[in-house]
Amino acid sequence: MDVQRPPSSSLQEADTPATVAIRPLLLKPQWMNGLSERLLVSHYENNYGGALRRLNAIRARLAALDWARTPGFEINGLKREELIAAGSVILHEIYFDSLGGHGNNPPTGNAQPPAGLAEALERDFGSVMAWRAEFTAMAKALAGGSGWAILAWSERLRRLVNHWAADHAHGLPGATPILALDMYEHAYHLDFGARAVAYVDQAMANLNWERIGARYRLAIGEGAGGDELFLPFGAPAQKEARISAEELKTALENDNDHRPVLLDLCLPRDLPRRRDMLAGASMHAPAALPRWIEELPRGRPIVVYCICGFQVSGTAVTELRQRGYDARALVGGITAWHAIGGTTVPLDTSTYEEAP
Ligand SMILES: [Fe+2]
């Protein structure tokens, strides 16, 4: 196994030296254990997405800078903001990846660290319970303030450490975060008001230890062991059957024969969760796919999206590709599209099929 491979390599295909690509939500925001969809999606789209958009804007500004002629105060400001935005992007990705259930199932609140990580926590803290007591106390001590509670692997100290971070740019040098708990008010206020302590307990009941364990194995050089852990459940496994939000944005700027056809698929039960759609998309019920599949143009790419890019778009893309269409699923769905600042129009359900 290639130990240098990042756990999310299959989803970083849209990254370029100049642009950092959005990561999809791996948790199902409507099925979390005591954390609302409204809170999680707002956090993902506005705070994580906001940091990502800021980072890319700063990097574009830096790329165009005349280093010899730019005053020091301007360089200072941009480099400071770049570090803060990059730290925010990375810590938010670790935070969201660390939450969620198994496959299609919601978190139970009873998940435990996998064997290798459990042994390391016992070695370094005495027991998993002792680690948990320290980590949650450290997070709760940030109530009323802000920052991050982080579990990290320190190569120099040869152990896992719980460390506090005052802001997105604060960390233990050389240590690799394994788990990050967001203690900024935006992470809990919508659901918990000022009760940060209740939020910490609820977040701990939503941990996805499989992914945290994969990050630990990567940090100690054992490889992550399975990219599928870092793909939204039900998304197509083949890279050519997926399209990132950034790639779609570029493709939609084409006003020619290669401009993708947009299909918005939504389960009937999920319609109340929807407010908007991509301009030019037509909305359909996934179960009605056999009724209109043959009407799709064969010569143009087809992009299928759903709310978060799980199995609704994944299943349809598999079906379309089996029938010979050049279909791709939007990674992260319309939620990722929102997070990169993609524009939308009000929801139009006039093409949506009634149940047969
Ligand atoms: Fe946050």
Side-chain angles (χ1 to χ4, degrees), residues 9-14 21-22 24-26 28 30 103-104 226-271 273-274 276-338 340 342 344-345 347-356:
S9 59
S10 61
L11 290 169
Q12 290 175 345
E13 62 231 22
I22 194 89
L25 268 180
L26 302 178
K28 293 206 164 194
Q30 75 278 32
N104 204 27
D227 277 356
E228 72 281 358
L229 277 176
F230 293 91
L231 258 184
F233 178 74
Q238 324 94 293
K239 182 180 168 185
E240 61 274 18
R242 304 192 299 262
I243 185 168
S244 71
E246 292 85 357
E247 289 167 334
L248 178 59
K249 200 171 190 179
T250 303
L252 289 175
E253 283 160 9
N254 280 334
D255 202 14
N256 57 28
D257 292 347
H258 296 296
R259 195 171 194 277
V261 174
L262 293 172
L263 297 180
D264 181 321
L265 295 193
C266 189
L267 295 169
R269 69 168 187 231
D270 288 334
L271 283 174
R273 297 169 60 202
R274 297 293 307 278
D276 61 352
M277 65 197 302
L278 272 68
S282 57
M283 192 180 205
H284 294 284
L289 188 124
R291 290 193 229 164
W292 47 262
I293 197 165
E294 295 302 336
E295 294 167 20
L296 290 170
R298 292 244 165 219
R300 282 173 63 185
I302 295 166
V303 171
V304 183
Y305 70 88
C306 56
I307 299 178
C308 284
F310 295 106
Q311 65 269 51
V312 171
S313 54
T315 304
V317 162
T318 301
E319 173 76 26
L320 286 162
R321 292 181 76 85
Q322 280 170 354
R323 300 219 193 181
Y325 290 100
D326 175 15
R328 289 159 198 260
L330 175 60
V331 178
I334 195 170
T335 309
W337 180 257
H338 290 151
I340 67 160
T344 58
V345 296
L347 195 65
D348 172 7
T349 57
S350 60
T351 55
Y352 194 84
E353 298 82 2
E354 298 296 325

| said: How long is the straight-line distance from CD of Gln311 back to CG of Asn104, given to the nearest 0.5 Å? | reply: 4.5 Å
| query | Short question: side chain of Arg259, backbone of Asn254 - any donor-acceptor pair under 3.5 Å? | reply | yes
| message | Within 45 degrees of the ring normal and closer than 6.0 Å to the centroid, is that where the cationic atom of Lys28 sits relative to Phe233? | response | no
| field | Any donor-acceptor pair under 3.5 Å from Ser313 side chain to Ala329 backbone | value | no
| field | Nearest-0.5 Å distance, CG of residue Leu231 to NZ of residue Lys239 | value | 12.5 Å
| What's the verdict on side-chain contact (heavy atoms from CB on, under 4.5 Å) for Leu265 and Tyr305, showing C-alpha distance, side-chain angles and the deciding distance? | CA-CA 6 Å; Leu265 295 193; Tyr305 70 88; over 6 Å; no
| said: Using side-chain heavy atoms (C-beta onward) and a distance below 4.5 Å, is Leu262 in contact with Leu252? | reply: yes
| Spatial distance of atom CD1 (Ile243) from atom CG (Leu330) [nearest 0.5 Å] | 7.5 Å
| request: State the CG-CE distance between Leu278 and Met283, to the nearest 0.5 angstrom. | output: 11.5 Å
| query | Counting only N and O atoms by type, is there a donor-acceptor contact under 3.5 Å from the side chain of Glu353 to the main-chain atoms of Ala288? | reply | no
| Beyond-backbone contact of Thr315 with Thr318, side-chain heavy atoms, under 4.5 angstrom | no
| said: Could you check whether any side-chain heavy atom of Ile307 comes within less than 4.5 Å of a side-chain heavy atom of Val312, counting everything from C-beta outward? | reply: no
| message | What verdict does the side-chain contact (heavy atoms from CB on, under 4.5 Å) test give for Leu263 and Ile302, after you've listed the backbone C-alpha separation in whole Å, the side-chain angles of each residue and the deciding distance to 0.1 Å? | response | CA-CA 7 Å; Leu263 297 180; Ile302 295 166; 3.8 Å; yes
| query | Can you name the residues that form a ring-ring contact (aromatic ring centres under 6.0 Å, His included) with His284, not counting sequence neighbours? | reply | Trp292
| query | Where do Val303 and Pro260 come nearest, in terms of heavy atoms and distance? | reply | CG2-CB, 3.7 Å
| Any side-chain heavy-atom pair from Asp348 and Met277 closer than 4.5 angstrom? | yes
| field | Side chain proximity check, Ile22 to Glu246, heavy atoms < 4.5 angstrom | value | yes
| query | Quick one: does Arg328's side chain get under 4.5 Å of Leu320's, heavy atoms only? | reply | no
| Name of the residue among Ile334, Asp264, Val345 meeting side chain to side chain contact (heavy atoms under 4.5 Å, CB included) with Asp276 | Ile334
| query | For Cys266, does its backbone N or O pair with a side-chain atom of Tyr352 as donor and acceptor, under 3.5 Å? | reply | yes
| For the student: nearest non-hydrogen atoms of Pro24 and Val331, plus distance | CG-CG1, 3.7 Å
| field | Salt-bridge contact Glu319-Arg323 (side-chain N to carboxylate O under 4.0 Å) | value | yes
| Main-chain N/O of Ala237 paired to Glu228 side chain as donor or acceptor, under 3.5 Å | no
| said: Quick one, Arg300 and His258 - any side-chain contact, counting heavy atoms below 4.5 Å? | reply: no
| query | Can you list the residues that meet the side chain to side chain donor-acceptor pair (under 3.5 Å) rule with Thr351, with sequence neighbours excluded? | reply | none
| query | For Pro232 and Leu26, which heavy atoms make the closest approach, and how far apart are they? | reply | N-CD2, 3.5 Å
| query | Are Ser244 and Glu247 close enough that a side-chain donor and a side-chain acceptor fall under 3.5 Å? | reply | yes
| For Ile293, does its backbone N or O pair with a side-chain atom of Tyr325 as donor and acceptor, under 3.5 Å? | yes
